[in-house]
Protein chains: 2
Amino acid sequence: MNEKVISIGTVRELTGLTERQIRYYEEKQLIFPYRSRGGARKFSFEDVERLKVIHTKMKDGFRTYDLRRSAASLLKFDSGRS
Amino acid sequence: MNEKVISIGTVRELTGLTERQIRYYEEKQLIFPYRSRGGARKFSFEDVERLKVIHTKMKDGFRTYDLRRSAASLLKFDSGRS
DNA sequence: CGTGTAAGGAATTCTGACACG
DNA sequence: CGTGTAAGGAATTCTGACACG
């Protein structure tokens, strides 16, 4: 499920995060949505899962900087789950 | 892939159909998108595949009425492919 | 640092209708 | 019948900024 076709509002519903959080995680390079012509972010189901993991880590006290450094393992952890 | 999360503009890109065609096929009960709060249609990847099949059939001379009658087999054909 | 919010604009989607054939 | 299009409105998303801590 790598197709980036889900808009931010739907990702919000799917993850429970706010749009602000989602955009911030992108700004910190933890997630890389596709951009449609009009500039709208488009996410994949994999991105959705990844966002959930990111938020869990954040609640555990990790900072975006830490997560960026371990981005690879984050991805691994992600696909290793669901 | 049954989650209805793709908006019509993306479905347009994925299928090559126009929004008018997609809405018409819904009107004719060939496809059943979910509706978001604001009223926007949301489709699944399965719907996308189904729309492709529908359009192929239409080009082969079938009418929406015929396709509605064989909706079950249409779905079967659909999942039987990709 | 991570997130909330109000601000203004641009892009998206919706419906009902008229058109053609 | 199936599809194009212009029309007006409503919902969605975007960016940059100010706020708090």
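Proteins come first, then strands; the chains are lettered A, B, ... in the order of their sequence lines, and each starts at number 1. All values below were derived from every heavy atom in this structure, side-chain atoms included, with hydrogens, water molecules and symmetry-related copies excluded.
Y24(A) has a side-chain polar atom (N or O) that falls below the 4.0 Å cut-off from OP1 or OP2 of dG2(C).
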Treating primed atoms plus P, OP1 and OP2 as sugar-phosphate and everything else as base, which nucleotides of nucleotides 9-16 of chain D get B, S or - for protein heavy atoms under 4.0 Å? --SSSBB-

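In this entry the distance linking CZ of R20(B) with C1' of dT5(D) reads 9 Å, nearest Å. For the pair E27(B) CD and dT3(D) C1', the interatomic distance rounds to 11 Å; values are reported in whole Å.
Note on residues 3-16 of chain B: pairs passing side-chain hydrogen bond (donor to acceptor under 3.5 Å, both in side chains), not counting sequence neighbours, are K4(B)-D47(B), R12(B)-E19(B).
Within the nucleic acid shown, Y25(B) comes within 4.0 Å of sugar-phosphate atoms alone, with no base atom in reach, counting heavy atoms only. At a threshold of 4.0 angstrom between heavy atoms, the contacts of R63(B) are confined to the sugar-phosphate backbone, with no base atom among them.
Between V5(A) and F43(A), the closest side-chain pair of non-hydrogen atoms is not below 4.5 Å. Between M58(B) and L67(B), the closest side-chain pair of non-hydrogen atoms falls below 4.5 Å.
Y25(B) is linked by a side chain to side chain donor-acceptor pair (under 3.5 Å) to H55(B), counting only residues two or more places apart in sequence or in another chain. With sequence neighbours excluded, the residues satisfying salt bridge (Lys or Arg N to Asp or Glu O under 4.0 Å) with R35(A) are E26(A). Under the side chain to side chain contact (heavy atoms under 4.5 Å, CB included) criterion, R63(B) pairs with D66(B), not counting sequence neighbours.
Judged by a 6.0 Å distance limit and a 45° cone about the ring axis, K42(B) is not positioned over the six-membered ring of Y34(B).
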Using a 3.5 Å limit on both pairing distances, list the dot-bracket string of DNA chain C from the 5' end; Watson-Crick and G-U wobble pairs count, crossing pairs take [ ], interstrand pairs take |. .||||.||.|.|.||.||||.

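Residue K28(A) places its side chain closer to dG2(C) than to any other of dG2(D), dG2(C), dT3(C).
Side-chain atoms of R23(A) never come within 3.5 Å of backbone atoms of T18(A) as a donor-acceptor pair (strictly under, hydrogens ignored).
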